[in-house]
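Structure first, then comments.
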Amino acid sequence: MSSNPGEARELAARYQERGDPLGWFEPLYASAERGEGVVPWAHRVPNSLLVGWAEATGASGEGRTALVPGCGLGDDAEYLAGLGFTVTAFDIAPTAVAAARRRFPGGSVRYATADLLDPPAAWRGAFDLVAEAYTLQVLRGPLREHAVASLAGLVAPGGTLLVVARAREEHDPPGHMPWPLTRAEVGSFEAHALTAVRVDLVPGAPGGDPPVRYWRAEFRAA
């Protein structure tokens with residue numbers, strides 16, 4: 001099984017050329033399910049920046065709802081459920097959703113197949129916490145802007161949006177997929193009735209060339 005993230009980039013590029021920029025997620029997960037490839041971001045552990053945020057803030061889910069967009073194999077969703085949240089998690093790839101259900105049989109997380117760019121109307125303004133990790137960075141241009149607006153619209157009044165994504169400076173080249181976000185792009189949530197609580201620039205694992213950095217941004221809905 002190859003661990004080359006370039007395979008995901010090539011698949012994404014092929015679907016982009018076809019005019020279907022979101023169509024590559026299902027074949028990527030299906031390939032991994034067959035043992036023919038890997039999903040580069042599926043580490044089968046909760047995202048460390050989500051865990052660090054929860055530990056630093058003492059996040060408790062008792063009596064609160066959470067949504068995990070682009071849930072992949074379910075690790076972040078199950079982590080939040082372990083904190084007491086009533087969790088809904090979704091992915092655009094049916095194979096990912098099926099794999100998450102198999103990995104965590106009998107769990108409390110409600111998994112669904114859905115599209116962040118067109119989520120169910122019942123989800124609007126419904127969640128006390130929306131925990132987004134690595135979804136925005138695989139979108140560009142108008143799709144990213146649409147996703148920002150959609151994510152903001154899912155947060156309940158007084159609720160929290162957590163965003164984790166690769167980071168770059170304004171003057172840096174956009175690079176390859178996953179495309180890092182600038183500080184201005186992270187801050188664009190404030191145009192959608194959200195207020196930044198804190199925006200941290202966090203270094204990634206050493207040794208990258210160029211070194212990988214991440215945004216961990218917390219927003220509060222009005």
Side-chain angles (χ1 to χ4, degrees), residues 2-29 31-32 37-43 47-50 52-53 68-72 76 91-93 96 115-119 130-154 161-192 194 196-219:
S2 171
S3 61
N4 179 11
E7 292 179 0
R9 293 190 182 114
E10 292 169 6
L11 188 62
R14 289 203 300 271
Y15 275 81
Q16 184 77 39
E17 290 173 0
R18 298 177 190 175
D20 183 12
L22 303 182
W24 60 280
F25 293 103
E26 172 59 18
L28 179 68
Y29 277 99
S31 174
V38 296
V39 180
W41 55 83
H43 301 303
N47 186 287
S48 61
L49 294 178
L50 168 63
W53 171 82
V68 179
C71 65
D76 291 353
D91 202 284
I92 197 170
D115 183 350
L116 174 59
L117 303 182
D118 187 23
V130 176
E132 138 62 9
Y134 302 161
T135 304
L136 291 175
Q137 66 185 30
V138 296
L139 304 172
R140 298 184 75 182
L143 286 180
R144 181 176 286 180
E145 295 170 7
H146 188 164
V148 165
S150 183
L151 284 167
L154 298 170
L161 170 66
L162 183 71
V163 177
V164 174
R166 290 193 178 210
R168 69 178 178 93
E169 300 292 343
E170 297 286 348
H171 59 269
D172 290 341
H176 302 288
M177 193 283 298
W179 298 284
L181 277 66
T182 65
R183 177 62 178 83
E185 287 175 310
V186 174
S188 66
F189 283 98
E190 294 193 281
H192 299 280
L194 295 177
V197 175
R198 62 182 301 161
V199 179
D200 297 322
L201 185 59
V202 183
D209 184 21
V212 176
R213 297 161 297 164
Y214 295 91
W215 297 114
R216 181 172 59 194
E218 179 183 350
F219 297 88

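Not measured: the values here are computed from a predicted model.
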Residues in side-chain hydrogen bond (donor to acceptor under 3.5 Å, both in side chains) contact with Tyr214, at least two apart in sequence or another chain
none
Heavy-atom pair with the smallest gap, counting every atom of Gln16 and Pro21
OE1-CB, 3.4 Å
Any side-chain to backbone donor/acceptor pair from Asp118 onto Asp115? Under 3.5 Å, distance only.
no
Start with the C-alpha distance between Leu162 and Arg216, add both sets of side-chain angles, then the distance that settles side-chain contact (heavy atoms from CB on, under 4.5 Å), and finish with yes or no.
CA-CA 7 Å; Leu162 183 71; Arg216 181 172 59 194; 4.0 Å; yes
Determine whether Leu201 and Trp215 make a side-chain contact, defined as any pair of heavy atoms from C-beta on separated by less than 4.5 Å.
yes
Got a sec, which residues hit side-chain hydrogen bond (donor to acceptor under 3.5 Å, both in side chains) with Arg198, two or more places apart in sequence or on another chain?
Asp200
Looking only at heavy atoms, the pair that brings Val199 and Ala196 closest together is CG2-CB, 4.2 Å
What are the two closest heavy atoms between Ala8 and Pro40, and how far apart are they?
CB-CG, 3.9 Å
To check you understand the geometry: which heavy-atom pair defines the closest contact between Pro27 and Gly23, and what is its length?
CD-O, 3.1 Å
If you compare all heavy atoms of Asn47 against all heavy atoms of Ala133, which two are closest, and at what distance to 0.1 Å?
ND2-CB, 4.1 Å
Minimal non-hydrogen separation, Gly37 against Glu7, with atom names
CA-OE1, 4.3 Å
For residues 135-152, which side-chain donor-acceptor pairs fall under 3.5 Å, sequence neighbours excluded?
{"from": "Thr135", "atom 1": "OG1", "to": "Glu132", "atom 2": "OE1", "distance (Å)": "2.8"}
{"from": "Gln137", "atom 1": "OE1", "to": "Arg166", "atom 2": "N", "distance (Å)": "2.8"}
{"from": "Arg144", "atom 1": "NE", "to": "Leu136", "atom 2": "O", "distance (Å)": "3.2"}
{"from": "Arg144", "atom 1": "NE", "to": "Leu139", "atom 2": "O", "distance (Å)": "2.9"}
{"from": "Arg144", "atom 1": "NH1", "to": "Glu185", "atom 2": "OE1", "distance (Å)": "3.1"}
{"from": "Arg144", "atom 1": "NH1", "to": "Glu185", "atom 2": "OE2", "distance (Å)": "3.0"}
{"from": "Arg144", "atom 1": "NH2", "to": "Leu136", "atom 2": "O", "distance (Å)": "3.3"}
{"from": "Arg144", "atom 1": "NH2", "to": "Leu139", "atom 2": "O", "distance (Å)": "2.9"}
{"from": "Arg144", "atom 1": "NH2", "to": "Trp179", "atom 2": "O", "distance (Å)": "2.8"}
{"from": "His146", "atom 1": "NE2", "to": "Leu117", "atom 2": "O", "distance (Å)": "3.0"}
{"from": "Ser150", "atom 1": "OG", "to": "Leu116", "atom 2": "O", "distance (Å)": "2.5"}

Which residues satisfy the ring-ring contact (aromatic ring centres under 6.0 Å, His included) test with Tyr29, sequence neighbours excluded?
none
Which residues pass the side-chain hydrogen bond (donor to acceptor under 3.5 Å, both in side chains) test with Glu170, not counting sequence neighbours?
Thr182
Just to verify, what does Phe25 make a ring-ring contact (aromatic ring centres under 6.0 Å, His included) with, not counting sequence neighbours?
none
One should read off an interatomic distance between His192 NE2 and Leu161 CG, to the nearest 0.5 angstrom, of 11.0 Å
Rounded to the nearest 0.5 Å, what's the gap from CH2 on Trp24 to CZ on Arg9? Could you check?
10.0 Å
CH2 of Trp53 to CD of Glu218: how many Å apart, nearest 0.5 Å?
5.5 Å
Would you indicate whether the side-chain heavy atoms of Pro178 and Trp41 approach each other to under 4.5 Å?
no
